[in-house]
Each structure stands twice: as C-alpha cells, then as structure tokens.
Amino acid sequence: MRAIQVYEVGGPEVLQEAEVDQPRPGPGEAVVEVAASGVNFLDVYHREGRYSLPLPFTPGAEGAGTVVEVGPGVADVAVGDRVGWAEIPGTYAERAVVDSSRLVPLPDDIGFETAAAVLLQGMTAHYLVKDAYPVQGGDTVLVHAAAGGMGLLLTQLITHLGGRVIGTTSTTAKAELAKRAGAAEVILSSAVDDLAAEVRRLNGGQGLPVVFDGVGAHTFDASLASLRTRGHLVLFGAASGAVPPFDPIRLADGGSLTLIRPSLGHFIADRSELLRRAADVFEWVRSKALEVTVTGRYALSEAAQAHSDLEARRTTGKLLLVPDAAAIGRREETQS
C-alpha cells in the first residue's frame, strides 16, 4: 500500500511517498482503511523531530475510515464500523493499524471528512475551554491565530460559552473569518507595535483572565503581558517555534500568573473520557455550535505541499489528506 514515510527529520521535503507492507493487526488492534487524515501542527512537530518518533515512521495523528480487519481480543469495534481517532501516529497512509480502544465510533450523521477535521482539534478545544481554563460567561479571552483551524474552533466555543474573544490574525481576510466565527475584536498582529497594549485598550485598559496561545515563540511575551493579576496563560502549541527558557520569577512579577503547557493525550487517556469528549464535539457540530471549515484537500502524494502551506500560514481552517482520486475530484468541483 502507499504511505508517507519519514526516514530523517527535517523540513517538508522529508515526507516521502513509499510502497510499504500492508499492516496486520496484533492483539487488541484494528486495521482501518483511511478515508481522510487531518493535517495538524502536531504532524509538523513529529516531522521536525521536536516530538521524537522512532525512524522511519508514517506521520499523521488524526484520521477516519472503515475497519477492515481486527486482531485477537478486540471488543470495541468490528469489521465494517465507521471510526475516527486522534493522537495515534500513522494516518498518512491508505491503511493504518490502531489500538482498538482508541477508536471512536462515528454517528451516522458525522462523515469521514468531518471526523478527520474535528476530532483532534475539537477535543483539544474541548479540554482547553473545559479543563485547562474553564471559560465562564463574561470572560474576555485572547486567542492567537484566530483564523487557523484551531483558532476558529476555539473562537466558536468560547463565544458559545458566553465569553468574548479578542483574536489575532496576520491579514484582513483572516480577520473577517475570525469575526464570522464570533470574535468581538481582531488585531492584525503586523499592524501594532505593542500587542499587549492593544489588547488592554480593547478590554477597557484591563488585563485578561486567560490567553490561549498556540503560536509560541513569537507571541509568548505579549501573551504574558496581556494578563491581569492571577491570569492564566494556556500555551497549547508552538507554531512559530519553541518558547526559549525563561526565569519563572517572570510569572510572579507579572502578577502571580500561571502557565500551563497541556497536551491532548493526558485528557483522553481513559477510554470513557475519550468517548465523552468526542461525543460532546460531535454534538457541538450537530447543533452548529462548531462549524468545521475544510479549506484544503490534498492527495497523499501532496503531503509535503500541505505541510508547506500550513507552516507558511497560507491557509485558514482545516487541511486534510484524502485519497488521490477524491482530492482531484473535489478540486475539479471547486474550479467548476
């Protein structure tokens, strides 16, 4: 079968299409025919070696498809089941082998592309606004990269929970997307000299209770400076690079601030918690509290281009890898 392989860490060019052996399930495992795979910054971190995986490996940590084979002892799923999953490497392929306890059965009204577009980021948004910092009605919240796939979901959820979002984006077109998702105010990060001062101006001169920051190095200082006394910085990603080491006394000097660097895997480690979060996300999609926006579909052979576009911030919304014929067909439909 075809799969993307990483033989050495590095830039997008290390994503190589290859012919590999068909996967076979071991005890407790299932083989899934992949219908769609989400493209996330987590995949970039794996490709770069920031989060290390044994070489060679197949990237991709979010997918959806149909179970085609199960190993001994599997009770959670059966052949023919429609399933999705997140935080399991190996989705940039025609088939993937997955621990069956990590598979989420898909409701009939949730399609493969929707599941592959929303599970990882949707469950991430879920734990961010429910656990990392429980957003309350009336909270004013800063969301960086508010027009990205993750930013759009966060903006919608915070607004749904009664919060007020100040977003940052890099272009006016992205600012309009963030506003349509519910952002009350949007700052063009390239148009202001002092981002934290602008945030405070938009909040009546006051700091904020929380900042959700998935950008990292480029925004970390401004995020801290945007917080009120005893505010919370939720640093859930590093799209612009890792935050350099810093003296924790800065948190005290900033007003007894707290910093959390959470990871989705710790919030879905138990199967019951995984299924609960996934069910909430699907219900939000069903009720339109979350609208999933797939803005880019790439053939498996175009994985390197998908990563390049994601890292260069040429995209908004969610990117997917899909089988070649499906990608070509959808592009033809769009062009027509």
Side-chain angles (χ1 to χ4, degrees), residues 1-18 20 32-51 53 56-65 84-96 111-122 124 145 147-153 170-171 173-174 177 214-215 237-241 292-335:
M1 70 170 190
R2 293 178 308 124
I4 299 299
Q5 293 280 276
V6 174
Y7 299 99
E8 60 179 345
V9 298
E13 70 281 356
V14 305
L15 298 172
Q16 301 292 318
E17 186 178 14
V20 302
V32 183
E33 187 172 278
V34 179
S37 175
V39 179
N40 298 286
F41 270 103
L42 176 62
D43 308 339
V44 174
Y45 304 157
H46 286 151
R47 189 204 74 215
E48 293 175 335
R50 197 181 309 179
Y51 297 167
L53 293 174
F57 66 87
T58 298
E62 176 184 39
W85 67 99
E87 286 276 301
I88 305 292
T91 63
Y92 287 13
E94 292 179 319
R95 291 188 173 188
F112 289 132
E113 287 198 1
T114 297
V118 78
L119 268 175
L120 190 148
Q121 291 181 330
T124 297
M150 190 68 225
L152 288 172
L153 294 183
S170 57
T171 68
K174 290 183 177 182
L177 281 177
V215 176
S240 67
V292 184
T293 305
V294 177
T295 56
R297 294 174 177 86
Y298 299 77
L300 193 61
S301 59
E302 299 171 317
Q305 185 63 54
H307 276 223
S308 295
D309 290 345
L310 181 67
E311 292 179 87
R313 302 193 175 279
R314 290 190 287 267
T315 64
T316 57
K318 185 71 177 189
L319 307 185
L320 296 178
L321 292 188
V322 296
D324 291 23
I328 293 168
R330 289 189 179 278
R331 287 182 181 174
E332 289 175 348
E333 289 173 12
T334 302
Q335 290 169 356

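For the numbers below, each heavy atom of this structure counts, side chains included, while hydrogens, waters and symmetry mates do not.
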Worksheet item: Nearest heavy-atom pair of Trp85 and Thr91: which atoms, and what distance?
Response: NE1-CG2, 3.2 Å

Discussion item. Tell me whether Tyr45 contacts the main-chain N or O of Ala238 through its side chain, where contact means a donor paired with an acceptor under 3.5 Å.
Written reply: yes

Fill in: Residues forming a side-chain hydrogen bond (donor to acceptor under 3.5 Å, both in side chains) with Tyr7, sequence neighbours excluded
none

Discussion item. If I compare all heavy atoms of Ala3 with all of Val20, which pair ends up nearest, and what's the gap?
Written reply: CB-CG2, 3.8 Å

Worksheet entry | Residue pair Phe112 / Gly65: nearest heavy atoms and the distance that separates them | CE2-O, 3.3 Å

Discussion item. What's the separation between atom OG in Ser308 and atom CD in Glu13, rounded to the nearest 0.5 Å?
Written reply: 8.0 Å

Worksheet entry | Partners passing salt bridge (Lys or Arg N to Asp or Glu O under 4.0 Å) against Glu48 (at least two apart in sequence or in another chain) | Arg50

Discussion item. The criterion is side-chain hydrogen bond (donor to acceptor under 3.5 Å, both in side chains); which residues satisfy it with Glu94, sequence neighbours excluded?
Written reply: Arg2

Worksheet item: Would you say Glu62's side chain and Leu120's backbone share a donor-acceptor pair under 3.5 angstrom?
Response: yes

Worksheet item: Are side-chain heavy atoms of Val6 and Pro59 found at a separation under 4.5 Å?
Response: yes

Fill in: Gly122 versus Leu153, closest heavy-atom pair with distance
N-CD1, 3.7 Å

Discussion item. Run the side-chain hydrogen bond (donor to acceptor under 3.5 Å, both in side chains) test against Gln5 and tell me which residues pass, sequence neighbours left out.
Written reply: Thr58

Worksheet item: Given Val39 and Tyr92, is the side chain to side chain contact (heavy atoms under 4.5 Å, CB included) satisfied, shown in steps?
Response: CA-CA 9 Å; Val39 179; Tyr92 287 13; 3.7 Å; yes

Practice prompt. Supply the atom-to-atom distance Phe57 CZ to His46 NE2, rounded to the nearest 0.5 angstrom.
Written response: 7.0 Å

Discussion item. I'd like to know whether Gln121 forms a side chain to side chain contact (heavy atoms under 4.5 Å, CB included) with Asn40, so could you lay out the CA-CA distance, the side-chain angles of the two residues, the decisive distance to 0.1 Å, and finally the verdict.
Written reply: CA-CA 8 Å; Gln121 291 181 330; Asn40 298 286; 3.5 Å; yes

Worksheet item: Ser37 side chain to Leu321 main-chain N or O, any donor-acceptor pair under 3.5 Å?
Response: no

Worksheet item: Is the side chain of Gln305 donor-acceptor paired with the backbone N or O of Glu302 at a distance under 3.5 Å, no angle test?
Response: no

Discussion item. Tell me every residue that passes side chain to side chain contact (heavy atoms under 4.5 Å, CB included) with Thr171, counting only those two or more places apart in sequence or in another chain.
Written reply: Ala173, Lys174

Practice prompt. Using a 4.5 Å cut-off on heavy atoms from C-beta on, say whether the side chain of Glu113 contacts that of Val322.
Written response: yes

Worksheet item: Between Val34 and Ala93, which heavy-atom pair has the shortest distance, and what is it?
Response: CB-O, 3.4 Å

Worksheet, complete the sentence: side chain to side chain contact (heavy atoms under 4.5 Å, CB included) filter on Ala117, not counting sequence neighbours, yields Val292, Val294, Lys318, Leu320

Worksheet item: Just how far is it from atom CG of Asp43 to atom CG of Leu310, taken to the nearest 0.5 Å?
Response: 8.5 Å

Worksheet item: With a 4.0 Å cut-off, would you call Arg47 and Glu311 a salt bridge?
Response: yes

Fill in: Donor-acceptor contact present, side-chain Tyr298 to main-chain His307, <3.5 Å
no

Worksheet item: Can you tell me how far the OG1 atom of Thr293 sits from the CG atom of Leu177, to the nearest 0.5 Å?
Response: 7.5 Å

